[in-house]
Structure formats: C-alpha cells, structure tokens
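A quick write-up on the structure given underneath.
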Amino acid sequence: MTTDTTTGTTISPTHTEKTGARTDEAATLIGDARERIDALDDRIIGLVQERMAVSAVIQDARLTSGSRRVNLSREMEILGHYRDALGKPGTALAMTLLELCRGRI
C-alpha cells in the first residue's frame, strides 16, 4: 500500500496496476464496471452469432429460389437504421455486421 501525496488516500498497487485508478474506491468501481462490460460483450457476441445464423438461412432461401445472395436495398435499410440510432459510428458497426453475415451458408 502507498499513499497518494496529492490526496492523502491509500492506493493498493494491484488495483492501480489493473485499473489505472488512483484510489481503492475508484479501482473497485472500475473493476465492477469492467465485469459488467465483459458480460455485455459476451451477450453481444452471442447475438452477433445468432444474427449470422439467421442471415445464413435468408441467404440460402434466396439462392435456392434463384435470386442473389445479397439484397442491397435491405443492406441500405440496415445501414440507415444503425446510423439513425448510433450516429456515424453506427454505420461502421452495421458494415461490420453485414460483412460478418455475408456468405455464411
């Protein structure tokens, strides 16, 4: 344990190394929030994998019916939806999702 000379608070070396926090209280808060983020990331990954599976079903149905694998007007709808909800970075996120989901039959 060390003491922060500017604030007089005790700092645990392991907490500061892991979180970059300057106090144990902040380190605990950051650690808890990171655990929540990790859980959210796991859920997001699961949803992306589910989306990929559903997309494969759609693409297979299109190809079986003699149509094209990709429907560009639908992709434009998706890009717009993400952009409207999340701003410009949403478009990049949607592009990544579309790329992950294309051609997985």
Side-chain angles (χ1 to χ4, degrees):
M1 297 273 189
T2 59
T3 301
D4 183 332
T5 55
T6 58
T7 63
T9 56
T10 302
I11 304 169
S12 170
T14 56
H15 282 175
T16 57
E17 289 170 13
K18 284 186 165 187
T19 66
R22 296 187 60 105
T23 66
D24 287 338
E25 181 182 332
T28 299
L29 179 69
I30 291 168
D32 292 347
R34 284 182 177 172
E35 285 180 19
R36 181 142 188 247
I37 285 174
D38 290 345
L40 289 167
D41 284 345
D42 288 342
R43 288 173 46 200
I44 291 167
I45 290 167
L47 289 170
V48 169
Q49 290 170 331
E50 183 178 347
R51 188 189 194 288
M52 291 167 67
V54 172
S55 182
V57 169
I58 292 168
Q59 290 175 53
D60 185 46
R62 275 201 203 108
L63 290 172
T64 300
S65 73
S67 188
R68 298 178 66 168
R69 180 175 50 87
V70 176
N71 181 329
L72 295 179
S73 64
R74 174 64 178 149
E75 288 194 357
M76 293 305 294
E77 285 178 33
I78 293 165
L79 291 169
H81 180 66
Y82 275 76
R83 182 191 61 245
D84 292 346
L86 303 171
K88 187 177 178 181
T91 304
L93 176 60
M95 285 297 297
T96 299
L97 285 171
L98 291 170
E99 183 179 340
L100 282 168
C101 293
R102 282 188 201 118
R104 305 230 181 221
I105 301 175

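The chain is numbered in sequence order, starting from 1. Reckoned from all heavy atoms, side chains included, excluding hydrogens, waters and symmetry mates.
Side chain of T64 to backbone of D60: a donor-acceptor contact under 3.5 angstrom is found. R62 contributes a side-chain N or O that, together with a main-chain N or O of R69, makes up a donor-acceptor pair within less than 3.5 Å.
Hydrophobic cluster membership of L29, counting Ile, Leu, Val, Met, Phe, Trp and Tyr whose side-chain heavy atoms lie under 4.5 Å apart directly or via other members: none, as it forms a cluster of its own.
Residue pairs satisfying the salt bridge (charged side-chain N to carboxylate O under 4.0 Å, His left out) criterion with at least one member in residues 29-42, sequence neighbours excluded, are absent.
R102 and E75 are joined by a salt bridge, as a carboxylate oxygen and a charged side-chain nitrogen come within less than 4.0 angstrom of each other.
Closest approach of A21 to A27, counting heavy atoms only: CB-N, 3.5 Å. Q59 and C101 make their closest contact through NE2-O, 2.6 Å (heavy atoms, listed as atom of the first residue, atom of the second, distance). Scanning both residues, P89 and L86, for their nearest heavy atoms gives CD-O, 3.9 Å.
Separation of atoms CZ (R51) and CG (L100) is listed at 9.0 Å; rounding is to 0.5 Å. Separation of atoms CD (E50) and OG (S55) is listed at 12.5 Å; rounding is to 0.5 Å.
The side-chain hydrogen bond (donor to acceptor under 3.5 Å, both in side chains) test applied to R74 returns E77, not counting sequence neighbours.
Contact annotation: the side chain of L79 approaches that of L98 to within less than 4.5 Å [non-hydrogen atoms, C-beta and beyond].
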